[in-house]
Protein chains: 2
Amino acid sequence: MLWNSIYETALLKRFPYLSLRPASGGEMATIHDVAQDAGVSPTTVSRYLNNRIELPPATAARIDAAIKKLDYRPNLLAKRLSTGKTEAVGLVTPEIREPFFAELASAFEDEADHHGYTVFMSSTRSDRKREIASLERLQDGHVDGLLMMTNTPDDGTLAGLIGERRNVVIVDEDIPGVSVPRLFVENSEGAYQATRHLIEAGHRRIAYLGGPQGLLTVTERREGFLMAMNEAGIAVRSEYVAMGSFAPELARAATVRFLELPLPPTAIFASSDYLAIGAVMGLRDANVSVPDEVSLIGFDDIAFSTLLTPPLSAVRQPVEQLGRQGFLTLLALLNGETPPLLTRLPVELIRRQSVAAPTSKDFRA
Amino acid sequence: MLWNSIYETALLKRFPYLSLRPASGGEMATIHDVAQDAGVSPTTVSRYLNNRIELPPATAARIDAAIKKLDYRPNLLAKRLSTGKTEAVGLVTPEIREPFFAELASAFEDEADHHGYTVFMSSTRSDRKREIASLERLQDGHVDGLLMMTNTPDDGTLAGLIGERRNVVIVDEDIPGVSVPRLFVENSEGAYQATRHLIEAGHRRIAYLGGPQGLLTVTERREGFLMAMNEAGIAVRSEYVAMGSFAPELARAATVRFLELPLPPTAIFASSDYLAIGAVMGLRDANVSVPDEVSLIGFDDIAFSTLLTPPLSAVRQPVEQLGRQGFLTLLALLNGETPPLLTRLPVELIRRQSVAAPTSKDFRA
DNA sequence: CCCGTCCGGTAAACCGGTTTACATGACAAT
DNA sequence: ATTGTCATGTAAACCGGTTTACCGGACGGG
C-alpha cells in the first residue's frame with residue numbers, strides 16, 4: 001500500500017536547501033577574527049563581551065558590527081576550559097520513566113533554564129555503577145553541580161564520592177553520611193495523615209506496602225504509619241505488612257496474598273503510588289472492588305492517580321516544588337551561599353474516591 | 001511533634017568524614033604531573049592513553065603507576081577543546097513528563113550509556129525558543145549530535161537550523177525540509193488498523209480525535225482513519241472530528257460535545273493516548289461507560305493504558321525501539337556512516353477491553 | 001663499514017577563550 | 001614643565017589536553 005507517500009513527497013520538495021547560518025559547514029569565527037575585523041585585540045573583545053570593561057561607543061559599535069558580520073559565537077568548550085565553569089548542572093534520577101521523577105525533572109529543567117543553566121539528565125535505572133558515573137562526571141568538570149536522587153540504599157560508596165562537596169544537593173531520598181543540602185518532604189507526617197484517614201473512615205485491619213529497607217523515606221513513612229496505629233490503639237499485624245521493594249509487581253503479589261488471608265485487611269496504605277499501582281493490579285486480580293470491599297490510599301499523587309477507577313486518594317508530594325527548589329538550592333551552593341542543610345516540604349492529603357468506610361460484614365476484628 | 005528526629009540524628013553521626021579521593025579539595029593531577037612522575041613527556045602519556053603508541057612494558061608500567069599514584073583523571077574540558085568531540089549527545093523532547101517521551105528517553109539513554117556516551121536531555125515544553133536553544137548547543141559544541149523531537153509545526157526555523165547537518169536525527173514527528181535521517185512509525189497503517197478494529201466490532205458512528213494541523217503524525221494517522229472509513233463505505237461526519245491539539249483538556253471537551261450530539265458516536269478513536277486520557281475524562285464527565293455505551297481506542301500504548309478501567313485498547317508504538325534505534329542511527333552518523341534517511345517502525349494493535357460491539361439501541365445510523 | 005629503517009620518544013604548536021600585568025597618550029593639577 | 005591619573009587598550013601566559021613534525025640510537029642488510 002501507499003501509506004505516507006502523498007505527504008512525504010509533497011514535503012520533501014518544499015525546502016530544497018535552507019540554512020540560516022552564513023557559512024554553514026565553513027569555519028566558525030573566533031574571537032581573534034572578531035578582534036581583527038574590529039581593529040582591536042582579542043582581550044578587548046573578551047572583556048567587552050563579559051562586561052569587564054567600558055568601551056567608548058565607537059569601539060563597542062565596531063565590535064558589535066564585527067560580531068554580527070562574522071556571526072561570531074563564543075566557543076563554549078574554550079570558555080569552559082578557561083573559566084572552569086560549565087553553566088550546566090546534572091540531574092540524576094533512578095528512572096526517568098516513573099512519573100514522579102519525570103515531573104520533578106521537568107520542573108527542575110524549567111527552573112534551570114530560567115537561570116541560564118542547561119541540564120544533563122541521567123536515568124540510572126538504579127544501577128550503582130551509573131550513579132557513580134554521574135558523580136564522576138561532576139568530578140571531571142562535565143557539570144558545575146548535581147542534584148542527586150537514588151532509591152537504593154547506599155553502602156557508603158555514594159556518600160564517599162559526595163563527601164563534603166559544595167556542589168551537590170540531595171532530593172527526596174537520603175544518602176546518609178554526607179554534609180550537603182538535603183531536600184525532603186514530611187514523610188512521617190504524610191504517612192500519619194494517610195493512616196489516620198483510613199482509621200477515621202472506620203478501618204482497623206490496615207495493610208501496609210513499604211519499600212526497600214534502609215531508605216529514609218521508607219523508614220519515615222513506616223514511622224508515621226506506626227504512630228497513627230499506636231495512637232489509635234490498633235496492633236499492627238505482621239501478616240499485613242509487606243516491605244522490601246518499590247516494584248509494582250511485588251506489591252501486586254503482596255496484595256494478592258493479603259486478600260487470601262483468613263481475615264483479609266479492609267484497607268491498604270501503599271507508601272508510594274507506584275506500589276499503589278501494584279495494589280490496584282492485585283486487587284483486580286482478586287476481583288476485589290475499591291473502595292467497596294477494600295480501601296486504598298497512595299503516596300505521591302502522580303498525575304495518573306485521578307484516572308484510576310476509582311480516582312486514587314493519596315498523600316500529595318510537592319513534586320514541582322521539589323524540582324524547582326532543588327535547583328535553587330543548588331544554584332545557591334554554586335554561588336557560594338550556604339542554603340539550609342535540611343529542608344522539609346509539606347505534603348497534603350488528597351481525598352478522592354478510593355477510601356470508604358469498611359462494610360459491616362467485614363468488621364469482625 | 002518529633003517526626004524524623006530519631007532516624008536523622010542516628011545517621012548524621014555515622015560517617016563523620018568520608019572521601020575516596022586522596023586529595024579531595026586539593027588540585028587535580030594533570031597529564032604533566034603524570035609525565036613527570038613517570039619520567040616521560042606529556043605527549044607519550046597522551047598517546048599511550050589513547051592507544052596511539054605501543055610502549056615497552058617497563059615504560060607503560062611506570063605510567064600506569066604514576067596514574068594510580070596521583071589518581072589522575074583526564075580533564076574532559078581540555079580533551080574536548082583539543083579534539084572537538086564531547087562524547088555527549090542531546091535528546092530533545094517536547095515534555096519529559098509525558099510517558100511516551102519519558103520511556104523513549106529512558107531507552108535512548110540506556111543505549112547511549114552502553115556506547116560510552118552521556119546524554120543531555122532537554123524538555124522544551126514545546127517552546128520554540130528552547131528548541132532553538134538546543135540546536136544552538138549543538139552548534140556550540142556542547143554535544144556531538146542531537147536526537148530531535150518536536151510536536152509543534154515548524155515554520156522553517158528549525159529546518160533552517162538543522163539544514164543538512166550530519167549529526168541530527170529526527171524521531172517520531174517530522175520537521176519538513178531537512179535532509180537528516182528520520183525515524184518514524186507506520187502511522188497510517190496503525191490508524192487504519194485501529195479504525196478497522198472499531199468497524200469490525202460493528203461501529204459505524206466513529207469519532208476521531210486528532211492533533212495539531214501540520215504535523216506528519218497527525219496527517220498520516222488521519223489518512224489511515226479515512227482510508228479505513230472509505231474502504232468500509234462509511235461517510236466521515238465533520239461533527240465527529242476534533243483536531244487541533246494534543247492537550248487532554250481539549251480532547252475532554254470535544255468528547256463531551258460528541259456525546260451531546262443528537263446522534264452521538266458509538267466509538268472514539270483517539271490518535272494519541274494523551275488524547276485518549278482526555279476522552280476518558282470526558283466520558284466520565286458525561287457518565288458514559290466504556291465499552292458498554294461507547295468504545296474507545298488509543299494510539300501509543302503507554303504503560304498506564306492497562307490501568308484504566310477498562311484497560312485501553314490501543315495501537316502500540318515501539319517506543320523502546322524508537323529510542324534505541326534513534327541513538328544507533330545518530331551514532332552511525334557520528335561515525336561517518338550513512339544510515340537510511342527514512343525508517344518506518346511497525347506498530348501493533350493491542351486489543352484490551354475498551355472496544356466492544358455497539359449496543360443495538362444505538363444502532364440507528 | 002655505511003646507510004636506511006624502525007623503535008621509542010620529544011618539543012612545540014594548537015584548540016579558543018580568559019586574565020594578569022603592563023603600556024601609551026591625553027589631560028589635569030602642581 | 002613635570003608629575004600623576006585616568007581612559008583605553010594590549011602582549012603574553014594560562015587552562016590541560018592532542019597532534020604534528022622531528023630526532024637520536026639501535027639494528028639489519030648490502
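Quick note on labels: first sequence line is chain A, next is B, and so on, each numbered from 1.
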Could you state the atom-to-atom distance from [atom1] of [X] to [atom2] of [N] in whole Å?
X       : N      : atom1 : atom2 : result
B:Arg80 : D:dG16 : CZ    : C1'   : 14 Å
B:Gln36 : C:dA11 : CD    : P     : 12 Å
B:Ile31 : C:dT10 : CD1   : P     : 12 Å
B:Asn75 : C:dC15 : CG    : P     : 18 Å
B:Ile53 : D:dC23 : CD1   : C1'   : 14 Å
B:Ile63 : C:dG8  : CD1   : P     : 13 Å
B:Glu87 : D:dG17 : CD    : P     : 15 Å
B:Ile67 : D:dG16 : CD1   : P     : 16 Å

Heavy atoms from C-beta onward define the side chain here; which of [options] lies closest to that of [X]?
X       : options                : answer
B:Thr30 : D:dG16, D:dT19, C:dG9  : D:dG16
B:Thr43 : D:dT18, C:dA12, D:dG17 : C:dA12
A:Val40 : C:dG16, D:dG17, D:dT10 : D:dT10
B:Arg52 : C:dT10, D:dG16, D:dT19 : D:dT19
B:Ser82 : C:dG9, D:dT18, D:dG9   : D:dT18
B:Ala78 : D:dG9, C:dA11, D:dG17  : D:dG17
B:Thr59 : D:dT18, C:dG17, C:dG9  : C:dG9

Item to complete: Nearest-nucleotide wise, let me know which of B:Ser41 and A:His32 is further upstream toward the 5' end of DNA chain C.
Response: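 Between the two, 5'-proximity favours B:Ser41.
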Fill in: A:Asp37 and A:Arg62 ion-paired at < 4.0 Å
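Salt bridge absent between A:Asp37 and A:Arg62.
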Discussion item. Regarding B:Arg130 and A:Asp110, does a basic nitrogen lie under 4.0 Å from an acidic carboxylate oxygen?
Written reply: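 Salt bridge present between B:Arg130 and A:Asp110.
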Discussion item. Within the 3.5 Å criterion, strictly below it, is a donor on B:Ser126 or B:Asn151 matched to an acceptor on the partner's side chain?
Written reply: yes
Discussion item. Quiz question: by atom type and distance under 3.5 Å, do the side chains of A:Arg97 and A:Ser123 form a donor-acceptor pair?
Written reply: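 The answer is no; no qualifying pair exists.
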Discussion item. If you compare every side-chain N and O of A:Thr83 against the phosphate oxygens of D:dC15 (OP1, OP2), does one of them come in below 4.0 Å?
Written reply: no
Worksheet item: Can you check whether B:Tyr48 has a side-chain N or O nearer than 4.0 Å to OP1 or OP2 of C:dT10?
Response: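 Result: no.
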How is [X] classified with respect to the nucleic acid when contacts are heavy atoms under 4.0 Å: base, sugar-phosphate, or nothing?
X       : answer
A:Pro56 : sugar-phosphate
A:Leu55 : sugar-phosphate
A:Leu76 : nothing

Response to the item:
For A:Gly141 and A:Thr86, the nearest pair of non-hydrogen atoms, with its separation, is O-CG2, 3.0 Å
Discussion item. I want to confirm an ordering. Mapping B:Thr44 and B:Leu81 to their closest nucleotides on DNA chain D, which one lands closer to the 5' end?
Written reply: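 Mapping each residue to its closest nucleotide by heavy atoms, the 5'-most match is B:Leu81.
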Practice prompt. Could you tell me whether the side chain of B:Arg47 has a donor or acceptor atom within less than 3.5 Å of a complementary atom in the base of C:dT10?
Written response: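 Pair found.
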Worksheet item: Given A:Thr150 and A:Glu173, is the side-chain hydrogen bond (donor to acceptor under 3.5 Å, both in side chains) satisfied, shown in steps?
Response: CA-CA 6 Å; A:Thr150 177; A:Glu173 179 57 75; over 6 Å; no
